[in-house]
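Beneath this line is the structure, given in structure tokens, with notes to follow.
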Amino acid sequence: MNHNLQKKIAVINDFSGFGRCSIAVSLPIISHMKIQCSNVVTSVFSNHTGFEKFFFEDYTDKMQDYIDMWKYLDLQFEGIYSGFLGSKKQIKIVEKFIKDFKKENTKIIIDPVMGDNGRPYPTYTKEMCEEMKELVCYADILTPNVTEACILTDTPYREKFKNSELYAMAEKLSEKGASKIVISGVKMENYIGNVVYEKNGIKKIIRMKKVGMERSGTGDIFASIIAADCVNGVDLETSVKKAGSFIKKCIIATEKYQVPKTDGVCFEEVLYTLK
């Protein structure tokens, strides 16, 4: 029986029942973009960690048995996309997953979700940061934010970087292995910038007028669109423009509803516009 007649992306991330982030965002977006989204769950949250209280169950010890069933079914993927990982062991499991499932045409998209606003997340120890530096070597496309780019390149964080410094950081990241880099969410006064860098010589900063407030899940939306477009053969610059424009629409729609910041963005309202 052939289970590989449709394009598939394996998404390795946590699942939050409420709050619009991680798999709960990737699944509808990647599916809307006409790719089957197959999920490896790293942990389950009732609602994400931005809330005061939440239920949490770690799936680390179940992950390999789960993945082994996919090997038994001989599942093959055009894309593998990893997001937030909660431990050194999970990073090692993802590394093994890539080695086991990567084929000649499989694209590896790694969103190294490690921190924001100049600080690593509390779960990210120095040891985990070092492990992530090893994992990103497998990426074809790497999508860190500025904080994560600084961590991965041992660059001291600050609020503002010159364009030339951002390009130099992207080049340093590409030396680890990825042929395409996007440093996302660069604050540029009234704009948000995304640095696009490719080993073939393309480098530019795509700016989008800032709207509304920062909300959870926008990074997951961004990386999901990049992953789906990559598998669909869309060039990176076009994909980054599309992702930025779509997130802007999501935020504008969300502002109309005035939902709490923790609830993420109302992407459902504008999903039909994503092509």
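Throughout, residue positions are numbered sequentially from 1 according to the sequence presented.
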Exercise for review: Inspect the surroundings of CD in E189 and state if more than 12 heavy atoms from other residues, nucleotides or ligands are less than 6.0 Å away.
Suggested key: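 It does not: E189 CD has 12 such atoms or fewer within range.
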
Exercise for review: For K203, look at atom NZ and say whether over 12 heavy atoms of other residues, nucleotides or ligands are found less than 6.0 Å away.
Suggested key: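 Counting neighbours around NZ of K203, 12 or fewer heavy atoms of other residues, nucleotides or ligands fall under 6.0 Å, so no.
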
Determine the minimum heavy-atom distance between [X] and [Y], stating which atoms define it.
| X | Y | answer |
| --- | --- | --- |
| P144 | L173 | CG-CD1, 3.9 Å |
| K53 | N47 | O-ND2, 2.8 Å |
| F55 | S46 | N-OG, 2.8 Å |
| Q76 | K8 | O-NZ, 3.0 Å |
| T147 | D116 | OG1-C, 3.3 Å |
| A253 | V270 | CB-CG1, 4.2 Å |

Salt-bridge test for [X] and [Y]: reply yes if a basic N is under 4.0 Å from a carboxylate O, no otherwise.
| X | Y | result |
| --- | --- | --- |
| K62 | E57 | yes |
| K172 | D154 | no |
| K107 | E78 | no |
| E130 | K133 | yes |
| K249 | E269 | no |
| E127 | K88 | yes |
| E237 | K204 | yes |
| K180 | D140 | no |

Exercise for review: Could you give me the CA-CA distance, side-chain angles and deciding distance for K7 and N232, then say whether side chain to side chain donor-acceptor pair (under 3.5 Å) is met?
Suggested key: CA-CA 9 Å; K7 287 187 287 189; N232 282 331; 2.7 Å; yes

Within the 4.5 Å heavy-atom criterion, are [X] and [Y] side-chain neighbours or not?
| X | Y | answer |
| --- | --- | --- |
| V44 | Y59 | yes |
| C21 | D220 | yes |
| V186 | I205 | no |
| T106 | F101 | no |
| V11 | S38 | no |
| M63 | V41 | no |
| S179 | E198 | no |
| F77 | W70 | yes |

Review point. Within the side chain of T125, is there an N or O that forms a donor-acceptor pair under 3.5 Å with the backbone of M128?
Key: yes

Check your understanding: Is it true that the NZ or CZ of K210 lies under 6.0 Å from the centre of Y191's six-membered ring and within 45 degrees of the ring axis?
Key ->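 Verdict for Y191: no cation-pi partner in K210.
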
Practice item. Before giving the answer on side chain to side chain contact (heavy atoms under 4.5 Å, CB included), spell out for F97 and I67 the whole-Å C-alpha distance, their side-chain angles and the decisive distance to 0.1 Å. Key: CA-CA 8 Å; F97 185 97; I67 292 164; 3.7 Å; yes

Please tell me whether [X] and [Y] have a donor and an acceptor in their side chains that are separated by less than 3.5 angstrom.
| X | Y | answer |
| --- | --- | --- |
| H48 | T262 | no |
| D229 | S239 | yes |
| T143 | D111 | yes |

**Study point:** side-chain contact (heavy atoms from CB on, under 4.5 Å) partner of I109, chosen from I80, V182, I141
**Key:**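 When side-chain contact (heavy atoms from CB on, under 4.5 Å) is applied between I109 and each of I80, V182, I141, only I141 qualifies.
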
Exercise for review: Identify the residue among C129, P112, S87 that makes a side-chain contact (heavy atoms from CB on, under 4.5 Å) with Y124.
Suggested key: C129

**Study point:** Evaluation steps, side chain to side chain contact (heavy atoms under 4.5 Å, CB included), between V196 and Y167
**Key:** CA-CA 8 Å; V196 176; Y167 290 138; over 6 Å; no

Without placing hydrogens or testing angles, list every side-chain donor-acceptor pair under 3.5 Å for residues 23-37, not counting sequence neighbours.
| unit_1 | atom_1 | unit_2 | atom_2 | d |
| --- | --- | --- | --- | --- |
| S26 | OG | S22 | O | 3.4 |
| S26 | OG | S224 | OG | 2.7 |
| S31 | OG | L27 | O | 2.7 |
| H32 | NE2 | L271 | O | 3.0 |
| H32 | NE2 | L274 | O | 2.8 |

Study note, to complete from the structure: dist I93:CD1 -> K96:NZ (nearest 0.5 Å) comes out at 9.5 Å

Review point. How are the rings of F45 and F56 set to each other: parallel, tilted or perpendicular (split at 30° and 60°)?
Key: tilted

